[in-house]
Structures are given as C-alpha cells and as structure tokens.
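Here's the structure, in structure tokens; my notes come after.
These numbers come from the heavy atoms of this one structure, side chains and all, not from hydrogens, waters or symmetry mates. Order of the sequence lines sets the chain letters (A, B, ...), proteins ahead of strands, with each chain counted from 1.
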Protein chains: 2
Amino acid sequence: MARWEPDARGRLERAAMELYRERGYDQTTVAEIAARAGLTERTFFRHFADKREVLFWGAAGLQQLITDGIAGAPPHAAPLDAVAAALESTAPVFEQRRAFARQRQALIAAHPELQEREVMKLTLLAAAAAEALRARGVPEPAASLAAEAGIAVFKVAFEGWIRDEKGRGLPHHLRAALGELGAVLGRRPGSAAPTRAARPRRG
Amino acid sequence: MARWEPDARGRLERAAMELYRERGYDQTTVAEIAARAGLTERTFFRHFADKREVLFWGAAGLQQLITDGIAGAPPHAAPLDAVAAALESTAPVFEQRRAFARQRQALIAAHPELQEREVMKLTLLAAAAAEALRARGVPEPAASLAAEAGIAVFKVAFEGWIRDEKGRGLPHHLRAALGELGAVLGRRPGSAAPTRAARPRRG
C-alpha cells in the first residue's frame, strides 16, 4: 500500500523548479526530481503525468475559480465585467507565490515545448470562460469575444505584475490592462482619435 | 538531381486532405500522401517536416501579410484599426479556398495535436502583430492588447465565415466581430449599460 506523503505535490513542485533552474529543464529527469523531494518515482507519477505537468497542475483549479467567478457575478453584470471580476478573484492564488510565478514564466519563455502547453492552457481557459458566459445567457459571438479579451487582459496584466518593481498587486495590473484595452478600442478614428481631416493644417 | 515537380506543394496538400478525410488523420502516412499525389516521399520532405505541417505551411505567408498590412497602415491609424485593416487584407487568400478552410477547421477541431499547433500559430501571429505595432511607435501594453484583441476578432470572424450559409465574405465577419468587441467593452456599467440603480423599479 502507498504511504501517505505529506504535501507530496508541493515538495515535487519545489524540487522540480530547483532542478530546472540549476541544471536546466531538458537535463532534469523525473528520477532526480523525486530524489530531491525525498520521494519515489512512483509517487511522482501518482501526481503528475510527466516533468512538464509539474508546471501546469494549477490550471484546473484556476479554470474552476474563473468559471465560478463568472457564474457568481451579479445577474446584471456586463460580460466583460463578469470576466474581469472572475480574473481578479484569482489574484490571491498567484500573489502568495510571486517568486515561483516569476521563475515559472522565465522557464516557459525559454522552452517552446512549455510555451505550447501554456498557450493551450490559456486557450482552454478562454473556452471555459466563454462557456460560463453562455450559461449566463450571453449570446455568441459576444461570449467568445469577452472571454478572449479577458484572457488577453490577463496575459498582459500577469506579465506586468511579474515585472513590476513597485510591488503593485495583480488586481492593479488587471484594471490597468482592462482600461488600456478600452482605450485601444475607443481611440479609433470616427470616435475620439485625431484624424487627418480634424488636425489643424500646418504650413 | 531532383526533378522539378510542378505545384508539388499544392498536390501534396490536396492529397493529404483527401486522405485525412477518407481514412482519418491518425491513420494516414506520409508515404500514402506522396503516393496519392504521384510524388516521392523525398519530395514530400523537401516541402514539409511531417504530415501535420501540410496543414500549416500557409502560416508564414499569413504572418507576413499581417505585419506588412500593419506597417503599411496610414501613419495616423489607431493601433486596432491598423490591425483590422491588415486582417482584412488577408481575406482573398482564404476566400479562394473556403471549402479547404472548412475541412481544415473540422480536422483541427477533432485532433488535439492539430489544435495545439493552430493555437501556437495564432499566438505567434499575435506576437508578430504586436511587434509590428511597436515598430510604428505604439507603446506597451497597448501594442500587445491591440494585437491580441485583433487575433481574437480574427478567430471569431473566421469561425463565423466558415459557418456562414449566406455566403457573406470574411471582411463582413471581421467588421461584425470588431463591432461586437467594441460593444462588449462599451456596454459596461458606468458607461451605457443599465445598472441596478438606473433601472426603473417594479412594484
């Protein structure tokens, strides 16, 4: 019978990140991760399919938080506000472990294999958010567009937060990115942007 | 010396799509694709790395069209308008072969391996569009947000176009999706959406 290993998942995750940073992701084996964590390979495989998945096990929980957040938004909330509120509700999860998030991001940026997995994770998040919006009665294509826009905001905000040297929280960056997206869309000729015709002539 | 094979790429692509539909993607081999096209395996590998890439060789050309479109937009164009114009400029490429695009989309939807590749393609397109916007002097995060929003619009418009039974063109769907994204962002409480406080009370 399998012995119960307290916090095996967390120990494996920390051991994996240490080794990925020390030796490189490609050079690290599952056997080494298990040994560093003081656990067996068998225990590793009870928790993760492979060494890549150690970096992605949070995806299911994140998706649940976001879809719950959308489902639980006030009935009158506009689609993008429901998504934005749901994204903000995930902040504490990340803020507890900003150093880890930063190391993980650097690792992903350096490995196409991890990048593909991360991109797929975000695509599945957007699909789940769109589904949660449709369940609230938001029609297509508004549901997909609000969900995709929300995930784009999340990506940009997350990168801003990772790099932020002033220590501003993820919610700050989420709101800034959302405002910026509104500005990108709002500042279109015909609305508020200066057009050739509207500009004063020189010369 | 290699014999010159007229339109080898196109013949391989058509043969591959026929076989993927007849036998299934997983069951089809490169040898079969080459044989169906009346070409050798060696010729196949001069054009494509593997049977998956037959479905993605257009990505580089598409990226070039989009980045050229952004670079060539009028100097005063707002970021998202530059992206929208660039996306519209790709329409003729797709409209020449809507039946192929529709078959390709169905195949991708049914195969996670192809979906990952497609998602990665769209992510790289967004990154290239953001880079082209930065080259126009658009700062971050506006460049990334406009690029990501543009690609979200493209995805939604493309699916609408594939499914459209009225035969409306891709530009129609691009404009509709862009308008819808504006509405999703515009209809936020505090701007135009009805809020609890603003709604007439019922007795």
- Task: Can you see which heavy atom on B/A177 is nearest to which on A/L145, and at what distance?
- Result: O-CD1, 3.4 Å
- Considering all heavy atoms, the nearest B/V184-A/A146 contact: CG1-CB, 3.6 Å
- Looking only at heavy atoms, what is the nearest atom pair of B/V156 and A/S144, with distance? CG2-CB, 3.9 Å
- Query: With chain B, which of A/G160, A/P112, A/P141, A/A126 has the greatest number of heavy-atom pairs at distances under 4.5 Å?
  - Reply: A/P141
- Message: If the condition is ring-ring contact (aromatic ring centres under 6.0 Å, His included), which residues does A/F158 pass it with, not counting sequence neighbours?
- Response: A/F94, A/F154, A/W161
- Residue pairs fulfilling side-chain hydrogen bond (donor to acceptor under 3.5 Å, both in side chains) with at least one residue in residues 104-115 of chain B, sequence neighbours excluded: B/R104-B/E118
- Query: Quick one: CG on A/L181 to CG on B/L181, what's the gap to the nearest 0.5 Å?
  - Reply: 6.5 Å
- Message: Heavy-atom cut-off 4.5 Å, strictly under: side chain, backbone, both or neither for A/V138 against chain B?
- Response: neither
- Would you mind checking which part of A/V119 comes under 4.5 Å of any heavy atom in chain B, side chain (CB onward), backbone (N, CA, C, O), both or neither? both
- Task: Determine which pairs satisfy salt bridge (charged side-chain N to carboxylate O under 4.0 Å, His left out) with at least one residue from residues 49-67 of chain B, sequence neighbours left out, and list them in order.
- Result: B/E53-B/R117
- Message: Strictly less than 4.5 Å between heavy atoms, which residues of residues 17-30 of chain B line up against chain A? Please order them by number.
- Response: none
